[in-house]
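Atoms considered below: every heavy atom in the structure, side chains included; atoms not considered: hydrogens, waters and symmetry mates. In the text below, chain A, chain B and the rest are named by the order of the sequence lines, each starting its count at 1.
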Amino acid sequence: MYYKHIDGNKWAIVLSKGDNLINALKQFAIDNKIGGSINGIGALLWAELGYFDLGCNKYLRKRFEGGFELLALNGNIVYIDEPIIHIHVVLGNPDFQVIGGHLFDGEISITGEIIVSTWHKDSILRSNDEYTGLKLWKLDV
Amino acid sequence: MYYKHIDGNKWAIVLSKGDNLINALKQFAIDNKIGGSINGIGALLWAELGYFDLGCNKYLRKRFEGGFELLALNGNIVYIDEPIIHIHVVLGNPDFQVIGGHLFDGEISITGEIIVSTWHKDSILRSNDEYTGLKLWKLDV
Amino acid sequence: MYYKHIDGNKWAIVLSKGDNLINALKQFAIDNKIGGSINGIGALLWAELGYFDLGCNKYLRKRFEGGFELLALNGNIVYIDEPIIHIHVVLGNPDFQVIGGHLFDGEISITGEIIVSTWHKDSILRSNDEYTGLKLWKLDV
C-alpha cells in the first residue's frame with residue numbers, strides 16, 4: 001500500500017497484488033487518524049462476503065474464489081474506539097456476471113485504486129445498536 | 001433520519017429501520033436548500049426498481065421484497081422547481097446475487113450510511129426532454 | 001457533452017444520446033488538463049466490457065447490446081503522457097439483472113450524469129507494470 005494526500009481532504013491509496021484490502025485501509029486510518037468515505041475500483045483474488053440476515057440477526061458469510069474485477073467499492077471509515085472499515089463491494093467474474101455483499105475480507109490480485117474523502121475522525125462515530133448488535137452511525141457528537 | 005454538516009460541502013445522513021429512502025433524502029434537500037451528489041451503502045427491506053424502456057418510452061417497474069444489502073447507492077439532488085432525488089442502486093440478496101435499477105421507492109431495513117457532497121442548488125438544474133419526457137440535467141445555468 | 005465547474009474542485013458533466021462515454025471523458029480531461037475521480041449514473045445503449053485474466057495476462061472482452069441502466073460508474077482520470085480514463089461499470093437490464101466489468105467502450109442511450117472530483121493532473125501518474133503490462137497508479141511523484 002502507498003497513499004498520498006493529494007488535495008484538500010482527498011487522499012489516494014494504491015494497493016498491490018497480495019495486499020489485504022481491509023487491513024490496508026485500517027492501517028491507513030490508524031496512520032493518519034482520520035475518518036472518511038471510501039470509493040474505489042480494482043481487482044480481487046478472493047473475497048469473503050456477508051449478508052445480514054434479520055431473521056437470525058447475524059451475518060451469513062461466504063468466501064468466493066477465482067478472481068474478480070472490483071466494480072464498485074463503497075464505504076467509510078468511522079470510529080468506535082478504533083476505526084471500523086465498513087465496505088460494500090460489487091464484483092464481476094470472467095462471464096461479466098456480478099456478485100456482491102458486505103466485505104469481511106479480501107485480497108488484491110492486481111491493483112486497488114482508492115480515493116478517501118476525509119473528515120475529522122470524531123465528526124461521525126459508531127455506537128452499539130441494541131436490536132441488531134451492529135455498530136451503527138451516531139451523528140449527535 | 002439524522003444528518004450533519006461534517007466538513008466543507010460534505011454532509012452525513014444516517015437512516016434507520018423503517019425510513020423511506022427517497023422521502024428522507026428529499027426532506028434533507030428541502031431542509032437545507034442544497035443540491036449535491038449522493039453516495040452510500042446500507043440495507044433495504046424492499047425496493048421498487050425501474051428500467052427505462054426506449055421502445056415504449058416509459059419505465060418498467062418492479063417491486064422486490066425480501067431484504068437486500070444496499071451495495072451501491074449513487075445519484076444526485078438536482079432541482080426542477082422541487083428537488084429531484086435521482087438514484088440508481090445495486091442490491092445484494094442472501095445468495096450474494098445482485099439486482100439493480102433506477103430507484104423509485106425503498107425502505108431501510110437496518111441502516112443507511114449516506115454522504116452528500118453538496119453544491120449550490122442552482123448550479124445544475126433539470127429541464128424537460130421532449131424526446132423521452134424525462135427531466136434531464138441542464139448545465140447552462 | 002456539456003460540462004461545468006460547479007464548486008471548488010467539482011465538475012458536472014452531462015452526456016446525451018449518442019455520446020461515446022470514454023471519448024467524452026477523455027475530451028473533458030484534455031480540455032481542462034486535470035485529473036480526478038469519476039462517479040456517475042445514466043443509461044447505455046451498448047457496452048464493451050473487460051475482465052483481466054491473470055492466467056493469460058490479458059483482458060477478455062465482450063460487447064453487450066440491448067440497452068442498460070448505468071447503475072454505477074466509478075473510476076478515475078490519471079495520466080501517463082495522455083489522460084487514461086479508467087472506469088468500471090455495473091449495468092442493469094430490463095429484468096433488473098446485472099452485469100459489469102472494466103469499460104472499454106460504450107454509448108449513451110439517454111443521459112449520463114457524471115461528477116468529477118478533480119486534482120492536479122500530476123498528483124497521481126500511471127507507470128507500466130512489468131508483470132501485467134498494465135499501467136498502474138504511481139503515487140511517489
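Contact annotation for A:Leu91: neither backbone nor side-chain heavy atoms come within less than 4.5 Å of a heavy atom of chain C. Using a 4.5 Å cut-off between heavy atoms, C:Val78 makes no contact with chain A at all. Both the backbone and the side chain of C:Val98 come within contact range of chain A, judged by heavy atoms closer than 4.5 Å. Contacts between C:Leu103 and chain A at a heavy-atom distance below 4.5 Å are absent for every atom of the residue. Proximity to chain C involves both the backbone and the side chain of A:Val14, based on heavy atoms less than 4.5 angstrom apart. If you measure heavy-atom distances from C:Phe64 to chain A, the contacts under 4.5 Å come from the side chain alone. With a 4.5 Å cut-off on non-hydrogen atoms, A:Leu73 does not touch chain C at all.
At least one side-chain heavy atom of A:Trp119 sits under 4.5 Å from a side-chain heavy atom of A:Ser37.
A:Ile77 CD1 to A:Ile30 CD1: the interatomic distance, rounded to the nearest 0.5 Å, is 10.0 Å. Considering CZ of A:Phe28 and CD1 of A:Ile38, their distance stands at 8.5 Å, rounded to 0.5 Å. For the atom pair C:Leu15 CG and C:Ile114 CD1, the distance stands at 4.5 Å (nearest 0.5 Å).
Pairing each heavy atom of A:Lys135 with each of A:Arg126, the nearest pair is O-NH1, 2.9 Å. When every heavy atom of C:Met1 is checked against every heavy atom of C:Ala24, the shortest pair comes out as SD-O, 3.2 Å.
In the model, A:Gln27 has no side-chain atom that pairs as donor or acceptor with a side-chain atom of A:Asn23 under 3.5 Å. Side-chain contact annotation: C:Ser117 with A:Lys10, donor-acceptor N/O pair under 3.5 Å present.
Counting heavy-atom pairs closer than 4.5 Å to chain A, the top-ranked of the candidates C:Asp129, C:Asn76, C:Leu134 is C:Asn76. No other option in A:Gly92, A:Pro94, A:Gly67 has as many heavy-atom pairs under 4.5 Å with chain C as A:Pro94.
Ring-plane geometry between C:His86 and C:His102 is classed as tilted, the angle between the planes lying from 30 to 60 degrees on a 0 to 90 degree scale.
Between the side chain of C:Thr118 and the backbone N or O of C:Asn9, at least one donor-acceptor pair lies under 3.5 Å.
The contact list for residues 39-58 of chain A toward chain C, using heavy atoms and a distance under 4.5 Å, reads A:Asn39, A:Ile41, A:Gly42 by residue number.
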